[in-house]
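Remember, it's a predicted structure, so these values are computed and weren't measured experimentally. Numbers here simply count residues along the sequence, with the first being 1. Just follow the structure's listing: the first ligand is 1, and inside any ligand the first atom is 1.
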Amino acid sequence: MEKKPFYITTPIYYPSDKLHIGHSYCTVATDTMARFKRMQGYDVMFLTGTDEHGQKIEDKAKEAGVTPQQFVDNIVLGEGGVLDLWKLMNISYDRYIRTTDDYHGQSVQKIFKDLYDRGAIYKSVYKGKYCTPCESFWTETQLVDGMCPDCGRPVIDAEEEAYFFKLSDYGDKLLKFYEDNPRFLEPKSRLNEMINNFIKPGLEDLCVSRTSFSWGVPVSFDEKHVVYVWVDALSNYITALGYGNDAYNDYAKFWPADVHFVGKEIVRFHIIIWPAMLMALDLPLPKRVYGHGWLLLEGGKMSKSKGNVVDPVVLCQRYGVDAIRYFLLREFPFGSDGVFSNEALINRINADLANDLGNLVSRTTAMIGKYFGGVLPAEREADPIDDELIGMVNGLKAAYEAQMEEYAFQSGLAEVMKVVSRSNKYIDETAPWVLGKDEAKKARLASVMYNLAEAIRVCGILLTPFMPDSAEKIRQQIGATPEQFTYEAARYGVLTDGFKVEKGETLFPRIDIAKELAELEAAEAAAKAAAEKAAKKEEKKAEKAPEGVATLITIDDFAKVELRVCQVKVCEPVPKADKLLRLELDDGEGTRQVVSGIHTWYEPQDLIGKKVVVVANLKPAKLRGVESQGMILAADAGENDVKVLFVDDSVPAGSKVR
Ligand code: ME8
């Protein structure tokens with residue numbers, strides 16, 4: 001029978017910085033779901049990738065002194081880059097798309113042209129607010145305290161000729177679609193927020209092209225425009241299947257997607273803009289969008305700019321990939337935010353993996369080794385005490401599946417761990433060490449061991465999507481064949497006589513929490529000290545700059561500074577500020593007020609009537625509440641001495657200094 005297709009995606013990441021554990025969260029979840037669906041027998045397409053265009057990347061590349069392509073290549077393909085991280089974390093994607101891939105660019109051009117030809121895109125003038133880091137346009141009303149509602153950073157005014165997508169046409173259509181498809185967005189709670197904040201106030205047409213930078217897909221019929229990054233990025237979900245290109249031929253099979261997993265802050269793009277684009281193109285809409293929560297760190301979202309990144313590579317090296325994968329999906333409900341801490345991580349590893357699961361496997365394999373040389377005899381003796389455990393083992397798959405179908409990873413794992421705990425309790429109840437002393441109880445002991453082996457096997461199968469490597473080790477230790485370790489085999493009674501148990505390495509070593517936290521703290525302090533040292537070095541370099549190591553500027557840079565001769569008319573100390581003088585200057589055009597920190601070296605009478613040089617186009621600033629409209633030039637004349645540059649009296653006030 002032909003397998004049913006299942007198409008699942010992660011957001012495509014901005015390769016503007018190294019990925020942090022927050023990014024790994026969604027990818028691990030998607031990977032786990034993809035593995036679960038494969039295990040269920042679906043033909044899975046798991047897509048991930050990188051969103052490589054936009055002003056932010058262009059700016060960062062410039063800062064780094066490389067081309068944008070080199071910049072993204074380095075972060076995606078370079079050592080320790082995105083692909084290395086996904087390999088380390090055992091991410092089994094079927095396809096990786098880079099928006100800089102040629103085929104994707106061609107498709108985006110076609111999609112844009114198609115939307116234009118259908119009248120869904122038109123040319124006009126853009127006026128509004130733009131958040132550069134988020135690459136998002138906002139209307140005045142969408143700003144929160146004048147700042148970007150997504151990231152809280154300042155926005156800039158923008159005005160330029162641009163193409164617009166008629167998003168305003170889609171409000172009612174989207175509302176109807178949500179109503180007809182109540183499970184389109186999950187968790188449901190996010191839908192009201194979207195409707196109330198974005199759709200009810202009225203959707204505005206969306207600016208979908210830029211001319212202020214060039215790092216993007218050019219609009220094919222108007223090449224000075226590049227396609228807005230979100231139109232470029234969202235299209236990846238179909239271009240990666242071959243829509244509008246010959247690179248792949250999977251569109252008919254996999255579209256519409258079964259689910260897009262996305263972080264909660266980009267739900268808006270996925271349930272408003274993306275469906276509207278698809279409606280305009282007359283294409284089917286994805287079946288579901290799941291908006292997961294954020295991993296927070298000390299109350300704030302993780303991000304490099306906030307300086308609180310947790311490096312997934314370090315975590316995987318310290319605790320093992322599977323322990324990290326398990327923790328991420330067991331600790332936090334997928335739809336809600338969760339606070340990440342090293343302490344919670346270590347506690348979870350110790351409690352669930354080392355104590356419960358690891359112990360169960362090692363105790364059981366050790367006992368089967370000790371009492372039966374690794375192979376159970378055929379003769380068994382059941383007891384009513386076994387029934388509860390056997391019942392739980394038999395019911396586990398259905399309970400787990402019900403949770404997994406809802407993307408409730410945490411609850412799916414909880415079901416498995418219930419059986420693990422029950423098995424440990426079963427060992428205490430049956431006391432195999434007592435049975436082992438009595439030759440007449442061998443058949444009973446064999447039965448107890450068989451039940452434990454079965455519980456471990458079934459749990460191991462269901463843990464496979466979460467911890468693929470550890471599950472495989474469990475399979476080998478318990479002596480199950482690959483056929484006895486399939487999803488179909490996740491029920492009691494599959495192990496047949498003669499299976500051979502091998503006690504293997506400890507699956508999850510216990511972590512000494514006090515020692516580990518101290519080590520982490522020391523490592524963190526060392527990293528902080530190193531960062532401070534590097535910053536100081538930079539500062540020193542900057543301080544030294546005027547003495548000759550200066551950054552070279554061009555004559556055009558210098559021409560931007562307006563230096564003017566001014567005559568001091570009034571001069572007096574600024575109250576409650578020992579070092580400041582307030583001066584009124586004749587600058588040739590009128591009076592200008594300047595505040596200067598030279599009181600240590602000059603009294604007002606030393607200055608009145610004198611002519612000085614002033615930086616006249618400096619942005620006004622307030623010093624102790626007094627506005628200063630410029631800066632008087634002075635020289636550092638010694639260790640602690642400053643001399644104002646006076647100008648010959650024959651030079652008229654207002655003369656330009658060049
Ligand atoms: O948004 N916890 O890319 P991105 C949980 N290029 N998830 C987190 C997180 C955290 N601390 N930090 C980031 C983009 N994420 C776009 C997507 S899709 C067509 C384009 C998640 O690299 C975030 O919520 O900024 C988002 O879903 C994903 O990482 C990628 O973020």
Geometric N/O contact Gly263 with ligand 1, under 3.5 angstrom = yes
Tyr13 to ligand 1: N or O pair under 3.5 Å?
->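 No, since none of the N or O atoms of Tyr13 sits under 3.5 Å from an N or O of ligand 1.
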Residues [X], [Y]: salt bridge by 4.0 Å N-O rule:
X: Asp352; Y: Arg348; answer: yes
X: Arg183; Y: Glu406; answer: yes
X: Asp43; Y: Lys4; answer: no
X: Lys113; Y: Asp117; answer: yes

4.0 Å heavy-atom contact, Trp230 with ligand 1 = yes
Region of Asp51 that comes within reach of ligand 1 [heavy atoms, distance under 4.0 Å] | side chain
Given that the side chain starts at C-beta and the backbone is N, CA, C, O, which of these parts of Phe269 lies under 4.0 Å from ligand 1, counting heavy atoms, or is it both or neither?
-> neither
Option of least heavy-atom distance to atom 17 (C) of ligand 1 (set: Asp337, Ile12, Thr9) = Ile12
Looking only at non-hydrogen atoms, which of His53, His23, His260, Glu265 approaches atom 26 (C) of ligand 1 most closely?
-> Glu265
Can you pull the side chain to side chain donor-acceptor pair (under 3.5 Å) pairs that have at least one residue in residues 277-290, sequence neighbours excluded?
->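 Of all non-adjacent pairs touching residues 277-290, those that pass side chain to side chain donor-acceptor pair (under 3.5 Å) are Asp258-Lys287.
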